[in-house]
2 protein chains.
Amino acid sequence: MTERALPYRPHNHDACVSHALADAREICRQHNARLTPIRERVLEFIWQSHKPLGAYDILAMLGAEGHNAAPPTVYRALDFLLQYGLVHRIASLNAFIGCAHAGEHHRGAFLICRQCGTVLELATPAVSKAVEDAAAAEAFLPEEVTLEVAGVCPRCLGDNSNA
Amino acid sequence: MTERALPYRPHNHDACVSHALADAREICRQHNARLTPIRERVLEFIWQSHKPLGAYDILAMLGAEGHNAAPPTVYRALDFLLQYGLVHRIASLNAFIGCAHAGEHHRGAFLICRQCGTVLELATPAVSKAVEDAAAAEAFLPEEVTLEVAGVCPRCLGDNSNA
DNA sequence: CTGCAAATGTTATAATGTTGCAAATTTTGC
DNA sequence: GCAAAATTTGCAACATTATAACATTTGCAG
Ligand SMILES: [Zn+2]
Ligand SMILES: [Zn+2]
Ligand SMILES: [Zn+2]
Ligand SMILES: [Zn+2]
């Protein structure tokens, strides 16, 4: 799994996409999971930017290329991608984003810029530790952590001409 | 703002409700905000248990007592209660829970039991600190944190006869 | 009392997500 | 290869969550 650039900074984003797709293919191969054309296309749409995409956005994108899909098509593809850790769902936005650490067994934490919409996924051992300690202090067994921080990203803080 | 019992353990829950309502009245008085009958009733419904309540659940409860309300009535009451920090929205459940620390200027973190549905709101300086540090490390300005931990609560871990 | 602002009522609609079953495709066992 | 089985996709309807727009009522100040 290759290192990737920070989404805030200009970067060769095509490389993000191709890395993500290559990783996805490898992960699916390892699990004998079928990354079918629809599933791969949905993953590709999601990776087209570092901004989360709604299910119905994806549906519209599929429609725009002539694939007359219905909601279950998209949700099933998303379920598959979620199951294999290739995308994450952002609960506070009802939207989906490509996983920047696919295959790494991690707990996603997300920094969501309110101005430009860009999402950075953190690999956060310190935060995960703090959350697990807090849960342990209450004798609570944590299974899934939703951690989403809305705010302003460095780029939007710096200049005020953002997309 | 008074201390409250852990929701997992049997407790005098009527006290939870009356404390919450008393706190709410005081907070609204301080802010010259009108805790109208509808708003107070919605808050009371939400506090009827330590399990989050959906907007349409509240709508049905209002309907059950003869108040023939429409969705905007409930959502407006919820907006008001959110605005003054009297309830929290649980993004991962699309539901609402009474704030256990109203008026205390805190960042809510929630332990959500998947078996019994009970939610415990933590006051978590350590976790908040870790999140803020992680954001700062990325030069990100955090404004709102969604932190929801789904898992199994101590009561459901102990006995396996839960509600 | 009058007029204004805030709150509520009402209707319709948007946005998000699911169920159930049929058809097609892929895999598997032989 | 080939038929049975399993997986995936198509499709129609529906369920849930949330908002928009505008009318009406209520609380309150002057
Ligand atoms: Zn990129
Ligand atoms: Zn991830
Ligand atoms: Zn209680
Ligand atoms: Zn429980």
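Only this structure's heavy atoms are used, side chains among them; waters, hydrogens and symmetry mates stay out. Labels below follow one simple rule: chain letters A, B, ... track the order of the sequence lines, proteins then strands, and each chain is numbered from 1.
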Strictly below 4.0 Å: does [X] bring a side-chain N or O up to OP1 or OP2 of [N]?
X: A:N94; N: C:dG17; value: yes
X: B:H67; N: C:dT8; value: no
X: A:T36; N: D:dT9; value: yes
X: A:R76; N: C:dG17; value: no
X: B:R89; N: D:dT17; value: no
X: B:T73; N: C:dG9; value: yes
X: B:R39; N: C:dA7; value: yes
X: B:Y56; N: D:dT17; value: no

Q. Toward the 5' end of DNA chain D, which comes first, B:A95 or A:A77, by nearest nucleotide?
A. A:A77

Q: Take A:F80 and A:P71, find for each the nucleotide of DNA chain D with the closest heavy atom, and name the residue whose nucleotide sits nearer the 5' end.
A: A:F80

Q: Consider the side chain of B:P72, meaning its heavy atoms from C-beta on, and name the nucleotide among D:dA18, C:dT16, D:dA20 that approaches it most closely.
A: D:dA20

Q | B:R34, nearest nucleotide to its side chain (from C:dT11, C:dG17, C:dA6) | A | C:dA6

Give the rounded distance in Å between these two atoms: [atom1] of [X] and [atom2] of [N].
X: A:L53; N: C:dT16; atom1: CG; atom2: C1'; result: 14 Å
X: A:L81; N: D:dT8; atom1: CG; atom2: C1'; result: 14 Å
X: B:L78; N: D:dT16; atom1: CG; atom2: P; result: 18 Å
X: B:R41; N: C:dA7; atom1: CZ; atom2: C1'; result: 19 Å
X: A:L59; N: D:dG10; atom1: CG; atom2: P; result: 11 Å
X: A:D79; N: C:dT19; atom1: CG; atom2: P; result: 10 Å
X: A:Y75; N: C:dA15; atom1: OH; atom2: P; result: 12 Å
X: A:N32; N: D:dT7; atom1: CG; atom2: C1'; result: 14 Å

Q: State, without any angle test, whether B:H88 and B:H101 hold a side-chain donor-acceptor pair at a distance under 3.5 Å.
A: no

Q) Under 3.5 Å, is there a donor-acceptor pair linking the side chains of B:E44 and B:Q48? A) no

**Q.** Cation-pi check, A:R39 onto A:F80 ring (under 6.0 Å, within 45° of axis)
**A.** yes

Q: For A:T73 and A:A69, indicate whether the former's side chain and the latter's backbone hold a donor-acceptor pair under 3.5 Å.
A: no

Q.
Between B:E144 and A:E148, is there a side-chain heavy-atom distance shorter than 4.5 Å?
A. no

